[in-house]
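Taking it in order: structure first as structure tokens, then the write-up.
Reminder, nothing fancy here: chain letters follow the sequence lines and each chain counts from 1.
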2 protein chains.
Amino acid sequence: MSAASDKIYRCPLELSIDLIGGKWKCVILWHLRKAPLRFSQLKRRLPGVTQKMLTQQLRDLEDNGLIYREVYPVVPPKVEYSLTEVGKTFVPVLRSMYKWGRSYSDKFEVEIDTTLQETIIKEELLQNH
Amino acid sequence: MSAASDKIYRCPLELSIDLIGGKWKCVILWHLRKAPLRFSQLKRRLPGVTQKMLTQQLRDLEDNGLIYREVYPVVPPKVEYSLTEVGKTFVPVLRSMYKWGRSYSDKFEVEIDTTLQETIIKEELLQNH
DNA sequence: TCACTAAGTACCCTTTAGGATACTGTTATT
DNA sequence: AATAACAGTATCCTAAAGGGTACTTAGTGA
């Protein structure tokens, strides 16, 4: 996806969906809503994502000003991703999408399995004491 | 897109984005938020959509229980699309996405041209007195 | 000396999304 | 007799999204 500023849209919704659509972007932003995360932490939190896809999606979000990428020049490399101010303004929208998705899944009995993600996050919290 | 109830998701956001992602779905729901519209009215309101794409997107939304399709057995045919109860619960989410898109476009000077749509809607209002 | 880590690239491939064009059937209008 | 309106299908095609595997780099610990 090229940067949004190069295009013409016919509705603000078209713009929003272009910025955060696709399989991974919303979930990435969701995981960053509370604190910055490194590449590897994000990767573990998104079961099934490949390195290539994660890199690509992070670049898109960065190009459109939603996240910030900070490189620490150490070995092995450390790169931290966090929400920009604009990115933070999207969190309330994410929250409403999240709630709506949950209520939809209740109503229509769509399966949502978050156990793996939760296990990963708990393990990381333990490692940091 | 197959129906959401056949899949397994790892996050409610993944479900939401699967239901309303893509180029047209949100905009269709947006135009239906106040009143039902017929196929041809929707088509005129979505500049650039082809018949095939519009049909396809409407079927997806119908299969997932977001819109309702009512066929009037008259000639020429008349088919009206409206939001279901579940579809209506998505309108507040749409509203927040709409607002966020507009504020983003203000900040980053992304071009949004709604003049054509507005013209079409005004013309139709005039025709109905 | 070897293996391991983090954060990626490079290259290739498959699947899905999206789009162009032509066609259908019935009736009213020109 | 030809054309337009409406709500689509059918067929074919291109572009974009998404994914798999292998490779890189510099230092650290076994």
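Relative orientation of the A:Phe39 and A:Tyr81 rings is tilted, given thresholds of 30° and 60° on the angle between their planes.
If you take CD of B:Gln51 and P of C:dG19, they are 14 Å apart, rounded to a whole angstrom. Atom CE in A:Met53 sits roughly 17 Å away from atom P in C:dA10 (whole-Å rounding).
Between C:dA6 and A:Tyr81, no contact under 4.0 Å exists linking OP1 or OP2 to a side-chain N or O.
Between the side chains of B:Gln41 and B:His31, no donor N or O sits under 3.5 Å from an acceptor N or O. Counted by atom type alone, A:Tyr9 and A:Asp18 present one or more donor-acceptor pairs between their side chains at under 3.5 Å.
With a 6.0 Å radius and a threshold of 12 heavy atoms from other residues, nucleotides or ligands, A:Glu109 has its CD atom at or below the threshold. Counting heavy atoms of neighbouring residues, nucleotides and ligands inside a 6.0 Å radius, atom NZ of B:Lys99 does not exceed 12 of them. Counting heavy atoms of neighbouring residues, nucleotides and ligands inside a 6.0 Å radius, atom NZ of A:Lys107 does not exceed 12 of them.
Side chain of A:Thr84 to main chain of A:Gly65: a donor-acceptor pair is present (N/O by atom type, distance under 3.5 Å, no hydrogens or angles).
Summarising the geometry, atom CG belonging to B:Leu66 is positioned 5.5 Å from atom CG belonging to B:Leu61; distances are rounded to the nearest 0.5 Å. If you take NZ on A:Lys25 and CD1 on A:Ile17, they are separated by 10.5 Å, rounding to the nearest 0.5 Å.
Remark: A:Arg45 engages A:Glu124 in a salt bridge, criterion side-chain N to carboxylate O under 4.0 Å.
Read 5' to 3', the first and last nucleotides of DNA chain D with an atom closer than 4.0 Å to a heavy atom of chain A are D:dA17 to D:dG27.
Along DNA chain D, the nucleotide nearest A:Lys52 and the nucleotide nearest B:Lys52 are compared for position; the residue whose nucleotide lies closer to the 5' end is B:Lys52.
Annotation: proximity of residues 33-49 of chain B to DNA chain C (heavy atom, distance under 4.0 Å) is found for no residue. Less than 4.0 Å separates DNA chain C from at least one heavy atom of each of the following residues of residues 57-79 of chain A: A:Arg59, A:Arg69, A:Pro76, A:Pro77, A:Lys78, A:Val79.
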